[in-house]
Amino acid sequence: QVQLVESGGGLVQAGGSLRLSCAASDGTFSTLAVGWFRQAPGKEREFVGRISWSGRNTDYPDSVKGRFTISRDNAKNTVYLQMYNLKPEDTAVYYCAASYSAVTQTIPGRYSYWGQGTQVTVSS
């Protein structure tokens, strides 16, 4: 069982930046793809990006492409979500999740392990 813990959320003004971290308890994490999702009140959980186990491949939806970057340090069992030019509509609880799939998965149900989430609030 892989346990994931997100950190780095907070309050930021529009146009600002934040870096979220997702730390894993188990070295198996380095063999798993990791996705980031977000969920705003009253909305469904939304895919915001994914990185392959090696870190060589990343995918992003158009809503965040060019503003969000995912990276990973497998030696530290940690994945990062760097967010730039944040907008009020980016406000949500952000979750990291790990998947055994080698193919990009955008559906939450395809991920086996989840963190507890971290709140990101962007003020206008």
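Positions are given from 1, in the same order as the sequence printed here. Computation of the quantities below employed the complete heavy-atom set of this structure, encompassing side-chain atoms and omitting hydrogens, waters and symmetry-equivalent molecules.
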Problem set entry | Asn77 side chain reached by Asp26 side chain, heavy atoms, under 4.5 Å | no

Problem set entry | Beyond-backbone contact of Ser30 with Lys76, side-chain heavy atoms, under 4.5 angstrom | no

Exercise. Considering only heavy atoms from C-beta outward, does the side chain of Ser17 approach that of Gln82 to under 4.5 Å?
Worked result: yes

Problem set entry | Residues, nucleotides or ligands: over 12 heavy atoms within 6.0 Å of Gln3 CD | no

Exercise. How close do Trp53 and Asn74 get, heavy atom to heavy atom, and via which atoms?
Worked result: O-ND2, 3.0 Å

Exercise. Is there a side-chain contact between Leu20 and Trp36 (heavy atoms, below 4.5 Å)?
Worked result: yes

For this session: Mind telling me whether Phe68 and Tyr94 have parallel, tilted or perpendicular rings, with 30° and 60° as the class edges?
Result: tilted

For this session: Show the numbers, then the answer: is there a ring-ring contact (aromatic ring centres under 6.0 Å, His included) between Tyr60 and Phe47?
Result: CA-CA 8 Å; Tyr60 307 94; Phe47 172 75; 8.4 Å; no

Exercise. How about Arg45: does its CZ atom have over 12 heavy atoms from other parts shown lying under 6.0 Å from it?
Worked result: yes

Seminar exercise, completed: Looking only at heavy atoms, the pair that brings Leu32 and Ala98 closest together is CD1-CB, 3.7 Å

Exercise. In terms of hydrophobic clustering (I, L, V, M, F, W, Y; side-chain heavy atoms under 4.5 Å; direct or indirect links), are Leu81 and Val64 co-clustered?
Worked result: yes

Seminar exercise, completed: Closest non-hydrogen contact found for Ala102 with Arg50 is O-NH2, 3.2 Å

Exercise. Going by atom types alone, do Thr78 and Asp73 pair a side-chain donor with an acceptor below 3.5 Å?
Worked result: no

Exercise. Atom CZ in Arg38, atom CE in Met83: separation rounded to 0.5 Å?
Worked result: 9.0 Å

Problem set entry | Exercise: identify the closest heavy-atom pair between Ala14 and Pro88 | CB-CD, 4.1 Å

Exercise. To the nearest 0.5 Å, how far apart are CZ in Arg72 and SG in Cys22?
Worked result: 9.0 Å

For this session: Grab the two heavy atoms, one from Glu6 and one from Gly117, that are nearest each other, plus how far apart they are.
Result: OE1-N, 2.8 Å

Exercise. Between Phe37 and Val93, is there a shared hydrophobic cluster once you connect ILVMFWY residues whose side-chain heavy atoms come closer than 4.5 Å?
Worked result: yes

Problem set entry | Nearest non-hydrogen partners of Leu4 and Ala24, listed with the distance | CD2-CB, 3.8 Å

For this session: Would you please classify the geometry between the Tyr95 ring and the Trp114 ring as parallel, tilted or perpendicular, with 30° and 60° separating the classes?
Result: perpendicular

Problem set entry | Cation-aromatic face contact Arg67/Tyr84, 6.0 Å, 45 degrees | no

For this session: Would you kindly say whether Tyr113 and Tyr100 are connected by a side-chain donor-acceptor distance under 3.5 Å?
Result: yes

For this session: Identify whether the distance between the nearest side-chain nitrogen and carboxylate oxygen of Asp90 and Lys87 falls below 4.0 Å.
Result: no

Exercise. Can Val120 be reached from Val79 by stepping across I, L, V, M, F, W or Y side chains whose heavy atoms are under 4.5 Å apart?
Worked result: yes

